[in-house]
Protein chains: 2
Amino acid sequence: MAELTERGRRTRQRIVEETGRQILAAGIGGTSLDDVRAATLTSKSQLFHYFPGGKSELVRAVAEWEGAELLAAQEPHVHDLSTRASWEAWRSALVDYYIGQGRWACPIGSLATEAAARDPELAATVAGAFGAWADLLAAGVRRMQEGGSVPADADPRRIAASILSAIQGGLVLSQPLHDPWPLEAALDQALHALDAPARSGS
Amino acid sequence: MAELTERGRRTRQRIVEETGRQILAAGIGGTSLDDVRAATLTSKSQLFHYFPGGKSELVRAVAEWEGAELLAAQEPHVHDLSTRASWEAWRSALVDYYIGQGRWACPIGSLATEAAARDPELAATVAGAFGAWADLLAAGVRRMQEGGSVPADADPRRIAASILSAIQGGLVLSQPLHDPWPLEAALDQALHALDAPARSGS
DNA sequence: TCATGATTGGACCGCATGGTCCAGTTGTAG
DNA sequence: CTACAACTGGACCATGCGGTCCAATCATGA
């Protein structure tokens with residue numbers, strides 16, 4: 001690969017984005033390099049030119065890009081989770097991102113399930129994406145703690161993880177039903193952790 | 001298939017169980033009929049003898065069996081969720097089932113993610129399995145309501161869905177990390193819905 | 001004993017897939 | 001203008017897969 005020119009970077013990015021779309025819709029196994037090649041109007045040699053490691057390297061690149069994209073899609077809400085209203089705004093935008101735009105699955109979550117066991121390197125990438133996401137949520141929880149609406153002795157990391165789990169698990173239930181209600185119910189229930197009365201003692 | 005003799009039923013069951021194991025470890029796409037054939041000491045013809053519809057019919061049979069198996073594995077806890085202590089016992093058994101026995105994934109949840117879009121019939125089977133599971137949990141929540149520890153105006157179905165989501169989502173996070181803590185955190189947080197103070201008014 | 005149908009073994013087929021290879025084209029720096 | 005490297009096109013290959021087929025074997029009831 002050596003160096004990439006502007007054209008090369010654009011072609012590479014086109015491949016990554018299109019592969020991401022295909023994987024979200026059909027999974028890794030359901031996405032063939034020929035599908036990607038056709039959809040991006042490229043050729044086999046280009047795929048292997050930009051991703052010498054073949055499909056697994058391509059999928060890993062997709063995971064990294066989707067991880068960043070996912071956080072970007074939550075702006076500006078995710079950086080201002082200091083009030084209950086901002087959490088609600090974030091929640092609405094997130095549900096719309098998944099359901100309203102017909103995704104019905106999480107780009108990262110679907111990778112996690114499918115490849116956790118088979119590709120350790122991919123698993124690490126996915127874990128990193130989840131970690132970054134959880135960190136942002138935990139920072140928000142901490143802001144709520146400072147405001148006093150969340151008990152000071154609660155662990156922000158655990159609350160963040162439970163909210164993230166609600167999203168992922170809600171999607172798992174919503175997918176086969178093709179109905180957003182489990183996702184919404186799970187997410188709303190998880191957010192109740194932010195409404196806990198700030199009792200002073202343990 | 002017409003009629004099955006005792007021997008036939010045992011062979012068929014052996015195929016279903018082994019396929020379930022393979023799918024849990026490697027996913028549907030990562031499970032080839034040859035793998036199953038080798039592990040069960042059967043032949044191709046037997047696979048298609050018992051499952052004329054081919055792989056998709058086999059996978060559907062696996063889904064049905066795993067759904068029943070999953071509920072059976074939660075006995076006797078899941079039929080006695082009337083006290084906080086019984087919920088804790090259920091929780092511990094469940095975490096042990098997934099983590100302690102090295103599963104690291106839900107037999108039904110993994111099917112849900114991988115095949116929701118590709119096989120509508122399988123999606124319906126999976127949705128049914130989730131529904132039966134959620135019904136059991138909702139019945140437990142109702143028992144807690146009767147005992148007064150859960151507000152009467154809460155919707156047991158939504159709480160049950162949120163608990164189930166916590167399990168599924170927690171597993172999604174735990175899988176790539178290979179660490180049970182997100183599952184445990186999510187599940188414990190979700191169970192806090194059972195500790196809500198039974199305020200009288202809305 | 002014999003006939004019938006359930007059961008089993010395994011060779012075989014066609015196809016899609018991931019991956020290789022090399023020749024041709026484009027862009028750019030000197 | 002030219003040389004070199006980035007880029008592109010697409011034919012080609014090996015393999016693994018789902019699925020088909022037919023002949024052999026077993027079990028059972030008449």
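Not measured: the values here are computed from a predicted model. Just so we're on the same page: letters track the sequence lines, and every chain starts at 1.
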Mind calculating the distance between CZ (A/R7) and C1' (D/dA5) to the nearest angstrom?
-> 12 Å
How is A/T5 classified with respect to the nucleic acid when contacts are heavy atoms under 4.0 Å: base, sugar-phosphate, or nothing?
-> sugar-phosphate
Verify salt bridge (charged side-chain N to carboxylate O under 4.0 Å, His left out) between A/E6 and A/R9, making sure each step is shown before the conclusion.
-> CA-CA 5 Å; A/E6 175 57 27; A/R9 234 173 296 133; 3.0 Å; yes
Roughly how many Å is it from CG in A/L47 to P in C/dT17, rounded to a whole number?
-> 13 Å
Do B/E64 and B/R60 pass the salt bridge (charged side-chain N to carboxylate O under 4.0 Å, His left out) test, and can you show the C-alpha distance, the side-chain angles, and the key distance before you say yes or no?
-> CA-CA 6 Å; B/E64 277 170 36; B/R60 238 170 289 135; over 6 Å; no
Nearest whole angstrom, please: distance from the C1' of C/dT7 to the CD1 of B/I15.
-> 11 Å
May I ask you to test the B/R14-B/T42 pair for a side-chain heavy-atom distance under 4.5 Å?
-> yes
Ignoring backbone atoms, test whether A/Y50 places a side-chain nitrogen or oxygen under 4.0 Å from the OP1 or OP2 oxygen of D/dT8.
-> yes
Atom pairs under 3.5 Å: protein N/O with N/O of nucleotides 12-19 of chain D:
unit_1: D/dG18; atom_1: OP1; unit_2: B/K55; atom_2: NZ; d: 2.7
unit_1: D/dG18; atom_1: OP2; unit_2: B/L33; atom_2: N; d: 2.8
unit_1: D/dG18; atom_1: N7; unit_2: B/K44; atom_2: NZ; d: 3.4
unit_1: D/dG19; atom_1: OP2; unit_2: B/K55; atom_2: N; d: 2.9
unit_1: D/dG19; atom_1: N7; unit_2: B/K44; atom_2: NZ; d: 3.0
unit_1: D/dG19; atom_1: O6; unit_2: B/K44; atom_2: NZ; d: 2.7

Go through the steps to decide whether B/E146 and B/R143 satisfy the test salt bridge (charged side-chain N to carboxylate O under 4.0 Å, His left out), and finish with yes or no.
-> CA-CA 5 Å; B/E146 288 160 12; B/R143 253 171 255 133; over 6 Å; no
Interatomic distance where CG belongs to A/L41 and P belongs to D/dG9 [whole Å] = 9 Å
Think B/R37 has a side-chain N or O under 4.0 angstrom from the OP1 or OP2 of C/dG10?
-> no
Spacing between B/R12 atom CZ and C/dT8 atom C1', to the nearest angstrom = 17 Å
Does C/dT7 have OP1 or OP2 sitting under 4.0 Å from an N or O in the side chain of B/S45?
-> no
In whole Å, what is the span from the CG atom of A/L58 to the P atom of C/dG19?
-> 10 Å
Would you please name every residue forming a side chain to side chain contact (heavy atoms under 4.5 Å, CB included) with A/A63, sequence neighbours left out?
-> A/L111, A/L122, A/T125
Is B/Q46 near enough to C/dT7 that one of its side-chain N or O atoms lies under 4.0 angstrom from OP1 or OP2?
-> no
Taking the inter-plane angle between the rings of A/F130 and A/W133 on a 0 to 90° scale, is it parallel (under 30°), tilted (30 to 60°) or perpendicular (over 60°)?
-> parallel
Would you indicate whether the side-chain heavy atoms of B/C106 and B/L70 approach each other to under 4.5 Å?
-> yes
Taking CZ from A/R10 and P from D/dT8, how many angstroms apart are they, rounded to a whole number?
-> 10 Å
